Protein chains: 2
Amino acid sequence: METVSTNRAFGGVQGVYRHASTATGTDMTFSVYVPPHEPGAKLPVVWYLSGLTCTHANVTDKGEYRRLCAELGLIFIAPDTSPRGERVPDDPDDAYDFGLGAGFYVDATQQPFAQHYRMWSYVTEELPALIAAEFPAADMARQSIMGHSMGGHGALTIGLTFPDRYKAVSAFAPIVAPSQVPWGHKALGGYLGDDRAAWRKHDAVALIEDGARVADLLMDQGDADTFLAEQLKPHLLERACAAAGIPLTMRLQPGYDHSYYTISTFMGDHLRWHAERLMRNG
Amino acid sequence: METVSTNRAFGGVQGVYRHASTATGTDMTFSVYVPPHEPGAKLPVVWYLSGLTCTHANVTDKGEYRRLCAELGLIFIAPDTSPRGERVPDDPDDAYDFGLGAGFYVDATQQPFAQHYRMWSYVTEELPALIAAEFPAADMARQSIMGHSMGGHGALTIGLTFPDRYKAVSAFAPIVAPSQVPWGHKALGGYLGDDRAAWRKHDAVALIEDGARVADLLMDQGDADTFLAEQLKPHLLERACAAAGIPLTMRLQPGYDHSYYTISTFMGDHLRWHAERLMRNG
């Protein structure tokens, strides 16, 4: 692992790092904020998965998470959203919603994507192992996960798949049912092929219908989000959670859009909600 | 005035606007955050002047000011750092420290800069008049000013020149004595010419030596700032304030650098300090 940069912030260190990933077969860049702590302390780890077109940098610049991570004693990790590099195939039409910046947190099975697009393995296996090895303050027995939009989809599907590992799961404006919306049709079809049975493990609503459970969920969704009606459809998650008995706190935020202005506004609430569950389950 | 974008954030509105400036003879872009408020309320106005290479966008993205501006009821304005456009002459060597992105908050008297580089008039006259006309919530009887690096220089020199207008003045890692450092030699020489007497109105230390006074000053400076020894020299301001009897709170912050990670860390302290003085003098 190579250190790209470190900067002191709110008494801790905001770092950006790069490593050669075996999961994706590319270099991968990610950011880690380590709050101020006593020597030898073990701190819970919050994963943040970003949305379409983003890298680690968007939330690192605009997420406004450091103040509360410092106050609550949380490590905050932001991976990239796809493999990158000359050898990595992109969307044939250079679209923003597939290929580079749009890995959808799956292991692709379809050519030409299967070799590099392995974001599920990267985020759930390789990067946690690297964090455990390189950041002695990280308490990998206390992890939680959140994300935005495509990254909200990633947080929900990963959280639902590993409910014992992630002690809290929340999302900002997530894609809750990719099997039922255009972004998801394109991405899951392109990465996983036409067999829709394979899609169900990467669809939060389908996972819940198929029996996956978490203790509870928190979600903020702006009602001025231009993707709300066509791509996000939060009522599908509300319905699935109600049927499954999963307590979902779904807050429809009047006037808020799909941007980091919304994420930064509600980041504090999410971090406090995560901290409560990470400390309780510590 | 044209609205470039508005986004809801922390209950208020973060806007970006553009207008044809008569001071600079160019279009100018700036950002304004208006916190949530009652209809008809009049709110104090905090000016933030940015550093070299920046536009309004750097602090708008990374400054982490909205949460506290919402809590304290402050309007926050971020102008650009220079005129821009095809007709605007830049540094002949395309350097970052003169010309575009480096207006140094002066009205240039030298050719070819005198026509457009009029940031002093823009920031102290034209933009305040526009804000008063276009933002009915702005209480122009209660203004304060802060800035970073070159913008700290701007905040100090403007605050010292108009101590009745700006009820609070603070800075992050400011250039305190441009007449005594390379950035300042180049900029003041290029914009104002070789007559160093003309520089003294644009040098905070010289202004204080020449009798300018403010009630007090707050300043944060990282000790890992790579510009500290050669360009910033905060001890020159400490010495001038001590000789003049101006109470200066100069906090040397261990491990902090010249970046927005530093600014965002201490932004909250500055906003509270401004709010105290803006409310007291209201």
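Just so it is clear, the structure is predicted and the values come from calculations on it, not from any experiment. Numbered from 1 within each chain, the chains take letters A, B, ... in sequence-line order.
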*asked:* Before you tell me yes or no, could you show the steps for A/R8 and B/Q253 under side-chain contact (heavy atoms from CB on, under 4.5 Å), namely the whole-Å CA-CA distance, both residues' side-chain angles and the distance that decides it to 0.1 Å?
replied: CA-CA 10 Å; A/R8 185 157 294 278; B/Q253 301 288 2; over 6 Å; no
*Could you tell me which portion of B/D61 (side chain, backbone, both or neither) has an atom closer than 4.5 angstrom to a non-hydrogen atom of chain A?*
both
*Would you mind checking which part of A/N7 comes under 4.5 Å of any heavy atom in chain B, side chain (CB onward), backbone (N, CA, C, O), both or neither?*
both
_One pair to check against side-chain contact (heavy atoms from CB on, under 4.5 Å): B/V13 and A/Y261. What are the steps and the verdict?_
CA-CA 10 Å; B/V13 175; A/Y261 293 107; over 6 Å; no
_Could you report the tightest heavy-atom contact between A/Y256 and B/F10, atom names first, then the distance?_
OH-N, 3.4 Å
*So which part of B/S259 gets closer than 4.5 Å to some heavy atom of chain A, the side chain, the backbone, both or neither?*
side chain
*Determine, stepwise, if the pair A/E64 / B/R66 fulfils side-chain contact (heavy atoms from CB on, under 4.5 Å).*
CA-CA 10 Å; A/E64 304 198 15; B/R66 282 174 288 270; 3.4 Å; yes
*More than 12 non-hydrogen atoms from neighbouring residues, nucleotides or ligands closer than 6.0 Å to CD on A/E38, yes or no?*
no
